[in-house]
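First up is the structure itself, then whatever we jot down about it.
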Amino acid sequence: MRDGAEPRDFIREIVAADVAAGKNGGAVVTRFPPEPNGYLHIGHAKAICLDFRVANEFGGHCNLRFDDTNPVKEDVEYVDSIKDDVRWLGFEWDDREYYASDYYEQLYGFAVRLIEKGLAYVDSLNADEIRAHRGTLTEPGKESPFRARPIAENLDLFARMRAGEFPDGAHVLRAKIDMRAPNITMRDPVLYRIRHAHHHRTGGTWCIYPMYDFAHPLSDAIEGVTHSFCTLEYVDHRPLYDWIITHCGTPATPRQYEFARLNLNYTIMSKRKLLQLVEQKHVGGWDDPRMPTISGMRRRGYTAEAIREFCTRVGIAKKENIIDIGLLEHCVREDLNRRAPRAMAVLRPLKLVLTNYPEGHSEQLEMVNHPDQPDAGRRRVPFSREIYIERDDFLEDPPKKFFRLAPGREVRLRSAYLVTCTEVVKNAAGELVELRGTYDPATRGGDAPDGRKVKATLHWVSASHAVDAEVRLYERLFTVEDPDGAAAKASAELTTLLNPASLEVVTGGKVEPSLGTPAAGARYQFERLGYFAADRDSRDGMPVFNRTVSLKDGFKSGTP
RNA sequence: UGGGGCGUGGCCAAGCGGUAAGGCGCCGGCCUUUGGAGCCGGUAUUCGAAGGUUCGAAUCCUUCCGCCCCAACCA
């Protein structure tokens, strides 16, 4: 299924029904509301696809709104990266780039209105006391002694909170709802807290900041959002969302709907924990190719199309899920197979000397850039007497199912010649040093005129023409399927479950000359190995490639 | 022990009272100058469990079981 052929999920059914019923005048406005406190990950991609595509499918639009209500955790670095990532994923928000912080003045006004209606009060209990009064899961909470504060006093105190007369934590503004509510979210939730902190956009103009539960529904209303999608952990907050909308008397009445967040096995999706990996240098940064971040995947060579396709295949539902990372990799292979030009690269070179090939001679062989797409064209690749083949493609004493090169065996060098291994050269220690063999001049291009067949086709690169390359091989970041769960169960540090083999740097790689100075981010299929993307660390004379994903390998080594 | 959400094959996921879509994975076969790709075929007598309603239930009712979320002045 390609982009555009969207499946019907419960969210789209709701929206379709609303549109059919003429709700909101038939308009559909959504929003993607990231908090700029970290980089976007694949879980956000699912939300982004939902938000933008639903709006698109119903002729509406999606706003990009930064939920920047907590200055101590947020930073412009994050808003920049978020914009880059959303754009890279292929979505546009035109001029609808909004910030909750742009609404601070309006939000303040709504808070005052709530106080005037006797629906909010300034509480002077400290954080510990508020927690103690909140009750527990099974016991109701107790009302704060400040709950009955007169409206005029609340108004005065709230104004002075804003004016900066009090230190952090001295007071807080709370909604007056129900301390006995079984839904803890409704037990007089905090609406505003004092934070003498620098905000990345408003600087020092404010020292009180609205809480998510207050700012979010109102921001939605201010923007005319009709359908506000969020993840399941906010289900309990929906009554509060509706309470805020109702009592603040906003003209628009956005509605919140919740879906299950995306989880992937062998990785984690918590921004807090990803930040920890970055800060403790367990990875190279937010865009380390092993990270489940959009920027990490981009650097690794994943395409936006593949990620979007993955998001549609994963679906939208309310069931908790842990998606197999294999599905993501499948989507990446599927897209790259179509678009990546083929190239020759040998990761662990083993020299093969063709003794009957004229010394000092070389020739240019034609190769197709893509076996299924003639339009991709052809290129010329040098061939000579000494070539490198993959170390893994030779076995002196091969098992039954191994049909690559072995002593006395003939195989094909892709688009070149049929060659036969005639001699195994070892050093004093008995280690394999190089191979000698012969080629059949009549098989130029790879086909034998007499019609004889070979079982294997190997990739290769001419030794004297090869370019050295560094190749970075990636494996899953964690050793266990559910790192969070496993760490909690064993009460161990999450970092103890990191896969020590998640990054292997191969420095002795040899690639064909055309790969000498690849364009930044250029993606190739290294034949028989996998898909690789040129990394920004590439230098002149030493290109660096990230293995995006390996090819599926039909040969199962070891016992079946 | 309170409130809420959810339980369909290994992982996702359709299904909305008429007799279990699809994808990934897996297993066969074909084809192949990538053990890639592609192409064919197979893979739940059963929908967390037990009762009930009905000619007929994954779909309706009842009870039970299991998993997840909530007690930040985080989002």
Side-chain angles (χ1 to χ4, degrees), chain A residues 1 7-9 13 33-35 37 67 69-70 72-74 123 125-127 130-132 134-141 168-174 181-187 189-195 208-209 211-213 215-216 230-239 258 260 265 271-272 310 312-331 333-334 337-338 342 344 367-368 370-372 401-404 412-416 418 443 445-447 453-459 481 525-530 550-556:
Chain A
M1 185 189 307
R8 268 300 156 106
D9 47 66
E13 280 181 4
E35 183 191 10
N37 66 343
D67 230 325
T69 55
N70 186 1
V72 305
K73 289 188 176 175
E74 298 156 6
D123 195 351
L125 254 27
N126 64 38
I130 286 180
R131 187 180 319 115
R134 190 148 31 221
T136 68
L137 295 179
T138 54
E139 302 160 57
D168 287 6
H171 307 285
V172 82
L173 184 73
R174 290 231 256 169
N183 177 351
I184 294 175
T185 301
M186 299 299 273
R187 315 235 262 231
V190 171
L191 266 24
Y192 268 90
R193 76 287 216 187
I194 299 171
R195 278 266 188 293
I208 58 172
Y209 292 92
M211 300 288 287
Y212 166 89
D213 282 319
H216 204 87
C230 61
T231 46
L232 252 23
E233 62 269 34
Y234 291 100
V235 171
D236 289 344
H237 295 241
R238 188 176 351 119
E258 313 85 10
N265 58 10
K271 274 201 272 183
R272 202 194 94 241
F310 170 72
T312 115
R313 290 204 195 195
V314 140
I316 297 290
K318 300 183 80 163
K319 197 182 77 167
E320 298 283 347
N321 59 76
I322 301 181
I323 308 294
D324 190 334
I325 186 96
L327 178 61
L328 212 206
E329 295 176 340
H330 166 83
C331 293
R333 286 194 188 97
E334 182 181 61
N337 176 50
R338 267 191 297 259
R342 315 283 120 133
M344 297 287 226
M367 297 189 83
V368 296
H370 193 118
D372 312 318
K401 303 291 278 270
F402 183 91
F403 47 87
R404 278 111 95 154
R412 171 168 37 238
L413 294 182
R414 167 132 246 230
S415 301
L418 261 33
T443 60
D447 276 316
K453 302 290 183 192
V454 292
K455 292 270 279 184
T457 299
L458 309 187
H459 57 281
E481 279 206 44
Q525 183 198 94
F526 287 175
E527 297 220 29
R528 302 211 304 135
L529 295 176
S550 66
L551 244 33
K552 282 203 289 184
D553 187 358
F555 176 68
K556 311 279 193 298

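Every chain is numbered from 1, with letters handed out A, B, ... down the list of sequences. Everything numeric in this text was worked out from a predicted model, so none of it was measured.
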Problem - Polar side-chain contact Arg404(A)-G35(B) base: donor and acceptor under 3.5 Å - result: yes
Practice task
Kindly say whether, by distance alone, the side chain of Asn183(A) makes a donor-acceptor pair under 3.5 Å with the base of G4(B)?
Solution key: no
[N] to [M] separation - [atom1] atoms, rounded to the nearest Å:
{"N": "A44(B)", "M": "G23(B)", "atom1": "P", "value": "15 Å"}
{"N": "G41(B)", "M": "U46(B)", "atom1": "P", "value": "25 Å"}
{"N": "U63(B)", "M": "G25(B)", "atom1": "P", "value": "43 Å"}
{"N": "G18(B)", "M": "U59(B)", "atom1": "P", "value": "12 Å"}
{"N": "G48(B)", "M": "C31(B)", "atom1": "C1'", "value": "44 Å"}
{"N": "A37(B)", "M": "U43(B)", "atom1": "C1'", "value": "23 Å"}
{"N": "G4(B)", "M": "U19(B)", "atom1": "P", "value": "35 Å"}
{"N": "A49(B)", "M": "C39(B)", "atom1": "C1'", "value": "43 Å"}

Side chain of [X] only, please: which of [options] is the nearest?
{"X": "Arg134(A)", "options": "C12(B), G2(B), A72(B)", "value": "A72(B)"}
{"X": "Asn337(A)", "options": "A75(B), U34(B), A37(B)", "value": "A37(B)"}
{"X": "Thr138(A)", "options": "G15(B), U1(B), C12(B)", "value": "U1(B)"}
{"X": "Glu35(A)", "options": "A75(B), A72(B), C24(B)", "value": "A75(B)"}
{"X": "Asp236(A)", "options": "G2(B), C74(B), C69(B)", "value": "C69(B)"}
{"X": "Arg193(A)", "options": "U34(B), A75(B), G5(B)", "value": "A75(B)"}
{"X": "Ile184(A)", "options": "C6(B), A75(B), C70(B)", "value": "C70(B)"}
{"X": "Leu137(A)", "options": "G2(B), C69(B), C73(B)", "value": "G2(B)"}
{"X": "Ala127(A)", "options": "G35(B), C73(B), G5(B)", "value": "C73(B)"}
{"X": "Ile323(A)", "options": "A37(B), A72(B), C12(B)", "value": "C12(B)"}

Heavy atoms only, 4.0 Å cut-off, all strands: where does [X] land among base, sugar-phosphate and nothing?
{"X": "Gln525(A)", "answer": "base"}
{"X": "Ile316(A)", "answer": "sugar-phosphate"}
{"X": "Ala317(A)", "answer": "sugar-phosphate"}
{"X": "Phe402(A)", "answer": "base"}
{"X": "His459(A)", "answer": "nothing"}
{"X": "Pro140(A)", "answer": "nothing"}
{"X": "Thr457(A)", "answer": "sugar-phosphate"}
{"X": "Glu481(A)", "answer": "nothing"}
{"X": "Asn126(A)", "answer": "base"}
{"X": "Asp372(A)", "answer": "base"}

So what's [N] paired with, Watson-Crick or G-U wobble, going by both distances under 3.5 Å?
{"N": "U45(B)", "value": "none"}
{"N": "C55(B)", "value": "G18(B)"}
{"N": "A50(B)", "value": "U62(B)"}
{"N": "C11(B)", "value": "G23(B)"}
{"N": "A37(B)", "value": "none"}

For [X] and [N], what is the distance between atoms [atom1] and [atom2] respectively, to the nearest whole Å?
{"X": "Asp324(A)", "N": "G9(B)", "atom1": "CG", "atom2": "P", "value": "15 Å"}
{"X": "Glu258(A)", "N": "G5(B)", "atom1": "CD", "atom2": "P", "value": "9 Å"}
{"X": "Arg187(A)", "N": "C73(B)", "atom1": "CZ", "atom2": "P", "value": "13 Å"}
{"X": "Asp213(A)", "N": "A71(B)", "atom1": "CG", "atom2": "P", "value": "11 Å"}
{"X": "Asp9(A)", "N": "A14(B)", "atom1": "CG", "atom2": "P", "value": "7 Å"}
{"X": "Leu328(A)", "N": "G25(B)", "atom1": "CG", "atom2": "P", "value": "13 Å"}
{"X": "Ile208(A)", "N": "C73(B)", "atom1": "CD1", "atom2": "C1'", "value": "13 Å"}
{"X": "Tyr234(A)", "N": "C74(B)", "atom1": "OH", "atom2": "P", "value": "13 Å"}

Handout entry: Exam field: side chain Arg342(A) to backbone Glu527(A), donor-acceptor pair closer than 3.5 Å
Key = no
Problem - Sidechain-backbone polar pair: Arg333(A) side chain, Ser550(A) backbone, donor-acceptor under 3.5 Å - result: yes
Handout entry: Arg187(A) versus Pro140(A), closest heavy-atom pair with distance
Key = NH1-CA, 3.9 Å
Fill in the blank from the handout: Between Ala260(A) and Asn321(A), the two heavy atoms sitting closest are CB-ND2, 3.9 Å
Practice task
Please state whether the rings of Tyr212(A) and His237(A) are parallel, tilted or perpendicular, taking 30° and 60° as the class boundaries.
Solution key: perpendicular
Exercise for the section: Please work out whether A72(B) sits syn or anti, treating a glycosidic angle within 90° of 0 as syn. Expected result: syn
Fill in the blank from the handout: RNA chain B nearest-nucleotide lookup for Glu320(A) and Arg342(A): closer to the 5′ end is Arg342(A)
Fill in the blank from the handout: Of Ile322(A) and Asn70(A), the one whose closest nucleotide on RNA chain B sits nearer the 5' end is Ile322(A)
